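One structure below.
This structure is a prediction, so every number in the text was calculated from the model and none was measured. FYI, the numbering just counts along the sequence from 1.
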Amino acid sequence: MKSESIRNWKEWGKKDPYYGVLSEEKFRLQHLSDQAIGEFFETGESYVSESRKKVLRCFGVDISEESILDFGCGVGRLAIPFAKMTEKEVWGIDISEDIIDRATGHKQVFGLDHLKFTTYNGRELKHLPSFGFVHSYIVFQHIEPKLGMRLMRQLLEHTRVGGIFQVQVTFGHRLPWSVHANFFLRTKFQPYNFLYSSLKHRKFCQEPVMQMNHYSPDKLFRLFSDYSKEVQVEFTDHGGHLGAFYLLQKTTSV
């Protein structure tokens, strides 16, 4: 299965791994400061704290007592706070070797021996244990839906029965037509992306495209119904890209 998203995210891992997660100029490698890195990881601390409260409220489960998998972990913005929260095993997984190298460097600063970062091939999640909390945030929209649905099922298989699965996925947008058309052209036509990138950066270059794919809620619910009888939904809006958090407690295996 050919996947442009795999190639793109390997490029982001080499060129701009922090900006690829939070698209603010201060997080570009050429602008990155110690203060910016601190702010980058502070956003992760806040997110992890809110996730813990949310899961406890919805399911009565304290994820600080669970083993955790963070899928699409990047440089560890969320995996590191998760590992600081729990003494159980935490894994962060990503497709980019460069990103995992950076994540491992950040992990060593905190001495988190129970945190493991690893790569995968972008298609198959093999040789993973089961986890009490499986999580992914602002990741699946960057993966083609057909491949993403396969990966999501594999993540559910690696969630233990009784464990919690939390994923954020986009389903649509309310962008101005001109913004959406520009994004579509960059995604589908490399010459257009080269021109756009060159004008933006005032030099000849081609920035990798950050795909924003939409998933069918109907297909998602059919998948989730194989593993749980109830799904909690919380809507998200990231700059006009519409999505939702889906939370479930796994009650059965397929």
Evaluate the side-chain proximity of [Y] to [X]: yes if any heavy-atom separation is below 4.5 Å, no if none is.
X: S136; Y: V169; value: no
X: D70; Y: V90; value: no
X: T86; Y: E66; value: no
X: E157; Y: L125; value: no
X: K116; Y: E89; value: no
X: K26; Y: Q35; value: no
X: W91; Y: V134; value: no

Please tell me whether [X] and [Y] are part of a single hydrophobic cluster in this structure, the criterion being side-chain heavy atoms less than 4.5 Å apart.
X: V233; Y: M152; answer: yes
X: F224; Y: F235; answer: yes
X: F165; Y: V161; answer: no

- Query: Does the side chain of R153 pick up a donor-acceptor pair with the side chain of Y227 at under 3.5 Å?
  - Reply: yes
- Query: Would S64 and D62 count as having a side-chain donor-acceptor pair, cut-off 3.5 Å?
  - Reply: yes
Nearest-0.5 Å distance that lies between atom [atom1] in [X] and atom [atom2] in [Y]:
X: S51; Y: I164; atom1: OG; atom2: CD1; answer: 12.0 Å
X: L151; Y: F140; atom1: CG; atom2: CZ; answer: 5.5 Å
X: E42; Y: E39; atom1: CD; atom2: CD; answer: 6.5 Å
X: T236; Y: I138; atom1: OG1; atom2: CD1; answer: 10.0 Å
X: L247; Y: S228; atom1: CG; atom2: OG; answer: 10.5 Å
X: K146; Y: R150; atom1: NZ; atom2: CZ; answer: 8.5 Å

Ignoring hydrogens and geometry, is there a side-chain-to-backbone donor-acceptor pair from [X] to [Y] under 3.5 Å?
X: Q154; Y: R123; result: yes
X: K250; Y: L156; result: yes
X: H114; Y: A83; result: yes
X: D237; Y: L242; result: no
X: T159; Y: L155; result: yes
X: K229; Y: T251; result: no
X: S67; Y: G132; result: yes
X: K88; Y: E65; result: yes
X: Q166; Y: H135; result: no
X: D94; Y: G74; result: yes

- Evaluate the criterion side-chain contact (heavy atoms from CB on, under 4.5 Å) for residue pair H238 and T170; output intermediate values, then yes/no. CA-CA 9 Å; H238 293 148; T170 47; 5.9 Å; no
- Between H106 and F41, how do the two ring planes meet: parallel, tilted or perpendicular, split at 30° and 60°? perpendicular
- Item | Steps toward side-chain contact (heavy atoms from CB on, under 4.5 Å) verdict (K219, M149) | CA-CA 9 Å; K219 290 181 179 179; M149 293 296 291; 4.0 Å; yes
Taking all heavy atoms of [X] and all of [Y], pick out the closest pair and write down the distance.
X: A79; Y: C73; result: CB-CB, 4.5 Å
X: V75; Y: I99; result: N-CG2, 3.7 Å
X: M85; Y: I68; result: CE-CD1, 3.8 Å
X: I63; Y: R52; result: CD1-CA, 3.8 Å
X: G76; Y: P81; result: O-CD, 3.7 Å

[X] ring center near [Y] ring center (under 6.0 Å):
X: Y120; Y: F71; value: yes
X: Y137; Y: Y47; value: yes
X: F221; Y: Y246; value: yes

- Task: Determine, step by step, whether F117 and I80 satisfy the side-chain contact (heavy atoms from CB on, under 4.5 Å) criterion, reporting the C-alpha distance in whole Å, the side-chain angles of both residues, the deciding distance to 0.1 Å, and the verdict.
- Result: CA-CA 10 Å; F117 287 112; I80 287 172; 4.2 Å; yes
Listed pairs under 3.5 Å, donor-acceptor, residues 53-61 side chains, sequence neighbours left out:
unit_1, atom_1, unit_2, atom_2, d
K54, NZ, E234, OE2, 3.4

- Message: So, using ring pair (Phe, Tyr, Trp, His ring centres under 6.0 Å) as the criterion, who are the partners of F27 when residues are at least two apart?
- Response: F40
- When you look at CG of D34, are more than 12 heavy atoms from neighbouring residues, nucleotides or ligands closer to it than 6.0 Å? no
- Hey, is D98 close enough to R102 for a salt bridge, meaning N to O under 4.0 Å? no
- Message: Would Q141 and H241 count as a side-chain contact (heavy atoms from CB on, under 4.5 Å) here? Give the steps.
- Response: CA-CA 10 Å; Q141 60 259 43; H241 295 283; over 6 Å; no
